[in-house]
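Taking it in order: structure first as C-alpha cells, then the write-up.
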Amino acid sequence: METEIPKVYSPESIEPHWARIWVDEKLYRPVEDASRPRFSLVIPPPNVTGSLHIGHMLEHTEIDILMRWHRMRGDDVLWLPGTDHASIATQMIVEQELGREVLPEMEGRSSAAAAWRREGQRRRLEMGLDKFMERCWQWKEQSGGRIRRQMERLGASVDWTRERFTMDADYSRAVLEVFSRLYREGLIYRGTYIVNWCPRCGTAVSDLEVAHEERPGKLWYIRYPFEDGSGYVTVATTRPETMLGDTAVAVNPADDRYRNAVGRRLVLPLLKRVIPIVADDFVDPGFGTGAVKVTPAHDPNDFGIATRHNLEQLKILDEKALMTEAAGPYKGLDRYKARERVLDDLRAEGLLEKEEDYPLSVGVCSRCKTVVEPLLSKQWFMKMQPLAEPAIRAVEDGRIRIVPENYRKIYLDWMYNIHDWCISRQLWWGHRIPVWTCEQCGEEIVSADLPKACSKCSGSKLRPETDVLDTWFSSALWPFVTLGWPEETDDLRRYYPTDLMIMGFDILFFWGARMIMMGLKFMNDVPFRELYIHALVRDAERQKMSKTKGNVIDPLEVTEKYGTDAVRFALAISAAPGTDIAFSYDKIESYRAFANKIWNAGRFILMNLEKLGPEARKRVAAATGSAARDAFVPLPTGPTLELADRWIFSRLATVSREIEEALADYRFHEASYKIYHFFWHEFCDWYLEWVKPEITRPLGPEDSCNAWVNLLRVFESALHLLHPFMPFITEELWHRLPNRDAEVSISRTPFALVTAQAANPDAEKDFENIRTLVVAARNAKAEAGLQKEKVAARAATEDSALLNLFDVHQETILRLAGLESLDLISGRLETGTHVTAAFEFQLLYEKKIDLGAERSRLGKERAKLEQALERVKKQLENRNFLDRAPQDVVQATESRRTELESQFQKVVESLERLG
RNA sequence: AGGCCCGUAGCUCAGUCUGGUUAGAGCGCUACCUUGACACGGUAGAGGUCAACGGUUCGAGUCCGUUCGGGCCUACCA
C-alpha cells in the first residue's frame, strides 16, 4: 500500500485505470449460472452518427446502477451492448462529411450544414452505391469505436464479448427473414398511397418522423365557376397551388346550401379542367364555406375522398417539390413560387374572393426541418392493427409494466389509433428490401436469400428493389436478434424476455411500441417485462440541448474535468422519475466534493491503519475477515464505543433496505440521496468523529482490535452501497483495504453486507439523545460567541436512564461538543438555556449572560411550541378526530402532546426565571 | 382538437402515487473555525402564507374542481 495518499481526490489518475481493467478482465460477462436469478437488459443501441451525449450518459448511468446492484445481489446479469446503423441519420452525416471535404471554406458559417449536404448528395450520386457504402462503413467504424471508448470510460458494465450492430451480417440476415415472413403473411404490402415525402432528403418518411410546427398562414377563398356559367362555388384552402391538381370539389351530403349542387360540374380556374361536385361525409359544413377542393395526389383526406368517389389522381408536384407537366404553365416552378403565381393569376381573373389569416401547423421533416410534402407514392407498408392488438393486451394485462405509469396511457392511446407504417426509404445506407422483380414476367420475388431465378417463369433477369428499410424496422427486432434469433441459442433461451428496458420518452413509439409488437410476433413473448422511461437532460435554463443551440454537453469533457463518479452521482441524484433534469455545473461540483469526502474518509482510515505498524495491522486484517465468510455485526468494544457501533450498524441496515427499495422502483434520486446522507452526515460527521480517539491511538499487542474491525466493516459496507453509483472511487478504495489481494473487483461482492438483524432501535434512540445534547451545547456556545473556548456546562433531567447514558458517554460528549466539563443533575435547572423534551442544558461561564438575547430566543421557541401545541390540542379535542382517525395516529398525537407540553412548560418556566 | 407534465427557500429541485411530527436537500447567503481525513472541509444560523380560489376530510403541500402562468406530446383541423 502506498504511504502517500493525495489529499485531494484526482479521478483522472484512477478512473481510466479501472475502466481498462474491467474491460480486459471481461468482468461483466454474465455468470451463466442457471441456479441464480437472471437479470438481462439489451442496451438501447446508440446511433453511429457521432458520439454519446449527456442524455446517453444519464441512460447508461441509470442502467449501470441497476446492473451493478443486481450483480452484487448475486444475479446472473447480462447487459448487452451495441449500436444502431441509423439509416437516414447516418447517411445524412456521411453526406455532410463528403460535402465538407470539398467545401472546407464553409466552416463556421450557419448555412454550412445545408450546403455540405447538398454537395454531399451530389458527390454520393457521382461515386455510386458501392463507394458510398464503403464511406458509411468507415464512418460506422469511427463512430462505433468512439462510442465504445466513451462507454468504457463511463464505467458501463456491459459484456463487450456480446457487442452487436444492427448491420452485422447475421443481424441483417434476420431482418430480411422477418421481412419475408411478414410479407408471406400479408402483413407487409406494397401500394401507392399518400406518404410524407421530404424533398430535401429525397425519401418517404413515416408519420412519426414528421414534426408539427405552428406557423402563421392564410386561408384563401377561391371561386370555382359552374360549367354552365350559373354562378360559382367558393372553396377555402391553405395551399392554393394544389388547386392545379384538383379533380373534384366535395360537400357534406347533409349540407342544404349545396343540396342542388351535388352532381353538377365546375370549371377549375386557370387550367379550365371540368371537375364534379361530390358529396362526402368527411366534409365539415362548419369549416370555411363547407365546400372542399379535392386534390387526391397531395392530401391524405382528399385521397380518401377520391377513393370513395373514383376520382382521378393527378400528381402536380414531383419528388423535388417542383410542379410537374400536369401543372401546365406552372411546370418546373418550386411549390412556393407556384403558389404566388397561382394567387396572382386568380386575382387577375377575379376569382380570389378573400384571404384570412389562419395559423396552421405544418409538418416538417424531423431530420432537416424541410416542410414535408404529402405525396402519392409507391411504397412498402406494414399492417399495424393485427400486430398492435397483442401489444395492447400485453400492457393492459400487466405482462409489461411501464414506469412512470402515465406513459402507459400514452402508449395505449397511440396503439389504439395506430396507422400502417411506411417502412421503405429511398436511401442507400440500410437494409435493402429483399424483393426482386422478374423482368420477364413481372413476378415479385421476396426472399431473405438472393434468388437465382424467377420462381414463376424461371427467368434469370431479376431487378432488385433499391429501397432500404426504415431504420426502426431493424431496431424493433433488437431484443431477440441480438440474442441469436432465428437460431434457438442458449442466450435466447436464457435471457429472453429481457427483464428491463430503459429509454427516453422520445422513442417510446418509434422503438418501444414496435419492439413489443415484433417481440410478441416472433418470440410469442414480450421483449421486456418492465419499461422504464427516463428523464430528459436539459441545460441549466431548462432548454433542450441541441447542436444548433450550441448548448450540448460532452460527457467526456465533464467527466475529465470532474470525474465520472461525480457526474454519474449528480445525474442519479437528479433523476426523479418523470421529471426532466436541469444540468448544472454547480451540481456536479457538489458531488465532486462528495467524492473528495469519500476519498478523505478512506485516506484517514488507511493512514491510521498504516500507523498501527505491521503486526497490529495484520491482526486487524485477520480479525476483519471478509464479507464472503463473515456476518457483519458489531463486535463488542466496551461501553463508550459500543453505542456508536450499534447505532451505525443499525443505520446501515436501514439504509441498505431503503436503497434497495428505491432502486427496485427506479427512484434513483432517493437511493443516491440515502447513501449520500448516510456516508457524509452519519458515517463521517458522527461515527468517524466518535471513534477518532480509538483509531488514532497505537494498538498494543494485548489491546482488542474490535473497534478497528467495526470501523473497517462499516466503511466497507458503505463502499459496497456506494459502488453502483460511484464505481471507480469505491473500486479504488476497496482494493486498498486489507485482505483484498486475491479478489478482482468490488463489483463481484455482495451489495448489502449488514442485514436487517443489525437493526437496533434502542441504540438509535440513545444516539439521538446524545446527538441532541451535543448540538444543544454547540448551539449554546455559538450563541455566546464561545466557539473557540472549552466551556463548563451542566445538563439536568429527571430521567435517570438518560442521566446514566450521558454519564457513560461523558468523555465523547465533551469532545464532540467542545465542553470542558459537564455536570449531570437529577431534576431541574433553575434556568435552562436549552430546553428539550428530554433534558435541560446550560453553559456555565464567566461572561455575563446576555439576558435579552436569551429571552428573545426562548420567546421565539415558546411561540413555535405554542403554535404546535395549539394545533395538537385542537385535534385531540375534536371528537371526530378521536372517533375517525386510526388508533395509532391518535396515540402518536397524544404522546406528542405530552412531549410538547413538557417542553413548553420548561420553556415558560425558564422565561419566568429570567424575569 | 385532444392528452400529459410543471408551479414548494434567492437559484435548482425532492416530498404529492399511499393525506397525519414544527415541509426537506444541494448551491448561494450570514457568523465563527485553518482543531493532525477533508476549506471540494467543520460548526451554528437566516430564509418558505407549498401559484390563486373553491371543495372533500377530524386533518390537505399531498385528494377533487376551477383559474392563472410555464413546458411538452399526439392528431388524416381544408
Side-chain angles (χ1 to χ4, degrees), chain A residues 5 7-9 194 207-208 212 219 235-239 242 250 282-284 287-289 291-295 299-304 358 360-361 374 404-407 409-410 413-414 417 419 505-506 508-509 536 538 540 542 544 562 566 570 573-574 576 578-582 584 586-587 589-608 669-670 673 676-677 684-685 688-689 692 696 775 778-783 785-788 818 864-865 867-869 871-872 874-875 878-886 888-890 892-893 895-896 899-900:
Chain A
I5 305 174
K7 224 165 135 166
V8 174
Y9 174 56
I194 299 276
D207 295 345
L208 282 175
H212 297 272
L219 197 55
V235 298
T237 179
T238 55
R239 296 199 56 192
T242 61
F282 168 79
V283 180
D284 172 9
F287 187 91
T289 59
V292 189
K293 60 189 272 313
V294 180
T295 320
D299 183 284
N301 294 317
D302 295 3
F303 181 79
Y358 184 75
L360 71 158
S361 110
E405 219 188 357
N406 55 308
Y407 291 113
K409 195 177 163 314
I410 295 174
D413 282 351
W414 190 76
N417 300 303
H419 300 292
F505 171 66
D506 51 337
L508 177 60
F509 306 139
L536 210 66
R538 298 167 174 277
R542 321 212 97 258
K544 255 188 198 168
Y562 298 97
I573 208 164
S574 315
T579 318
D580 286 349
I581 295 172
S584 88
D586 277 1
K587 207 180 277 174
E589 268 175 36
S590 65
Y591 298 105
R592 175 180 64 182
F594 180 45
N596 195 52
K597 188 76 182 176
I598 298 166
W599 183 253
N600 276 290
R603 190 166 81 99
F604 176 59
I605 293 165
L606 293 166
M607 260 168 33
N608 284 296
H669 66 307
E670 220 175 288
Y673 181 72
Y676 172 88
H677 186 266
C684 290
D685 288 354
L688 271 185
E689 292 302 329
K692 213 171 222 176
T696 48
V775 168
R778 287 169 175 170
N779 185 308
K781 284 182 65 181
E783 262 173 29
L786 296 171
Q787 288 104 322
K788 278 181 176 171
K864 228 167 142 188
L865 286 167
Q867 219 182 10
L869 197 54
R871 220 184 296 184
V872 171
K874 225 176 93 189
Q875 209 169 7
N878 191 328
R879 257 265 66 88
N880 283 322
F881 172 69
L882 298 176
D883 292 345
R884 297 188 200 185
D888 55 320
V889 172
V890 175
T893 311
S895 63
R896 201 173 128 58
E899 213 170 82
L900 281 168

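Chain letters run A, B, ... following the sequence lines, proteins first, then strands; residues in each count from 1.
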Between [options], which nucleotide has the shortest distance from any of its atoms to the side chain of [X]?
X: A:Tyr676; options: B:A78, B:C76, B:G26; result: B:G26
X: A:Phe282; options: B:A78, B:A44, B:A14; result: B:A78
X: A:Phe505; options: B:C73, B:C76, B:A37; result: B:C73
X: A:Asn600; options: B:C40, B:C27, B:A37; result: B:A37
X: A:Arg592; options: B:C40, B:C76, B:A37; result: B:C40
X: A:Trp414; options: B:U43, B:A75, B:C76; result: B:A75
X: A:Gln787; options: B:A37, B:A78, B:C32; result: B:C32
X: A:Tyr591; options: B:U43, B:C77, B:G26; result: B:G26
X: A:Asn301; options: B:C76, B:U12, B:A75; result: B:C76
X: A:Ala782; options: B:U43, B:A44, B:C13; result: B:A44

- [ ] Evaluate the side-chain proximity of A:Trp599 to A:Ile5: yes if any heavy-atom separation is below 4.5 Å, no if none is.
- [x] yes

Task: Test item: A:Ile410 and A:Phe505 side chains (from C-beta on) under 4.5 Å apart, heavy atoms - done: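 Yes, their side chains come closer than 4.5 Å.
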
TODO: Could you check whether the rings of A:Phe287 and A:Tyr358 sit parallel, tilted or perpendicular, using 30° and 60° as the cut-offs?
DONE: perpendicular

Counting the atoms with a prime plus P, OP1 and OP2 as sugar-phosphate, which does [X] contact under 4.0 Å by heavy atoms, base, sugar-phosphate, or nothing?
X: A:Phe509; answer: sugar-phosphate
X: A:Tyr358; answer: base
X: A:Leu360; answer: nothing
X: A:Tyr673; answer: sugar-phosphate

Roughly how many Å apart are [M] and [N], using the [atom1] atom of each and rounding to a whole number?
N: B:U21; M: B:U12; atom1: C1'; value: 27 Å
N: B:G26; M: B:G65; atom1: C1'; value: 36 Å
N: B:G28; M: B:A9; atom1: C1'; value: 11 Å
N: B:G20; M: B:G61; atom1: P; value: 10 Å
N: B:C38; M: B:G47; atom1: P; value: 34 Å
N: B:A46; M: B:U30; atom1: C1'; value: 7 Å
N: B:U62; M: B:G3; atom1: C1'; value: 23 Å
N: B:G24; M: B:U74; atom1: C1'; value: 37 Å

Report yes or no: does [X] contribute a side-chain atom to a donor-acceptor pair with the main-chain N or O of [Y] at less than 3.5 Å?
X: A:Asn608; Y: A:Thr696; value: no
X: A:Lys293; Y: A:Thr237; value: no
X: A:Asn779; Y: A:Val775; value: no
X: A:Asn600; Y: A:Asn596; value: yes

Once you round it to whole Å, what is the distance between [atom2] of [N] and [atom1] of [X]?
X: A:Ile410; N: B:C4; atom1: CD1; atom2: P; answer: 8 Å
X: A:His669; N: B:A14; atom1: NE2; atom2: C1'; answer: 6 Å
X: A:Asp883; N: B:G20; atom1: CG; atom2: P; answer: 21 Å
X: A:Leu606; N: B:A37; atom1: CG; atom2: P; answer: 13 Å
X: A:Arg603; N: B:G41; atom1: CZ; atom2: C1'; answer: 12 Å
X: A:Phe287; N: B:C76; atom1: CZ; atom2: C1'; answer: 14 Å
X: A:Asn596; N: B:G41; atom1: CG; atom2: P; answer: 7 Å
X: A:Lys7; N: B:G36; atom1: NZ; atom2: P; answer: 10 Å

Is any side-chain nitrogen or oxygen of [X] closer than 4.0 Å to OP1 or OP2 of [N]?
X: A:Lys597; N: B:G42; answer: yes
X: A:Asn779; N: B:G45; answer: yes
X: A:His677; N: B:G24; answer: no
X: A:Lys788; N: B:C33; answer: yes

Open item on the list: With a 3.5 Å cut-off and heavy atoms only, can you find an N or O donor on one side and an acceptor on the other between the side chain of A:Glu689 and the base of B:A37?
Closed with: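 Yes.
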
- [ ] Using the closest heavy atom to pick a nucleotide of RNA chain B for each, name whichever of A:Asp284 or A:Val775 lands nearer the 5' end.
- [x]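 Looking at RNA chain B, the more 5' nearest nucleotide goes with A:Val775.
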
Task: Given RNA chain B, 5'-ward residue of the pair A:Thr289 and A:Thr696, judged by closest heavy atom - done: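 On the 5' side of the pair lies A:Thr696.
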
Task: 5'-to-3' dot-bracket of RNA chain B (Watson-Crick, G-U; under 3.5 angstrom; crossing pairs as [ ]; | other strand) - done: (((((((..((((......[...)))).(((((.......))))).....(((((..]....))))))))))))....

TODO: Considering non-hydrogen atoms only, spot the tightest contact between A:Ala236 and A:Gly288 and give its length.
DONE: CB-CA, 4.3 Å

TODO: Establish, yes or no, whether the cationic atom of A:Lys597 lies under 6.0 Å from the six-membered ring centre of A:Tyr676 and within 45° of the ring axis.
DONE: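 Ring-cation test returns no.
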
Task: Partner set under side-chain contact (heavy atoms from CB on, under 4.5 Å) for A:Asn880, not counting sequence neighbours - done: A:Asn878, A:Arg884

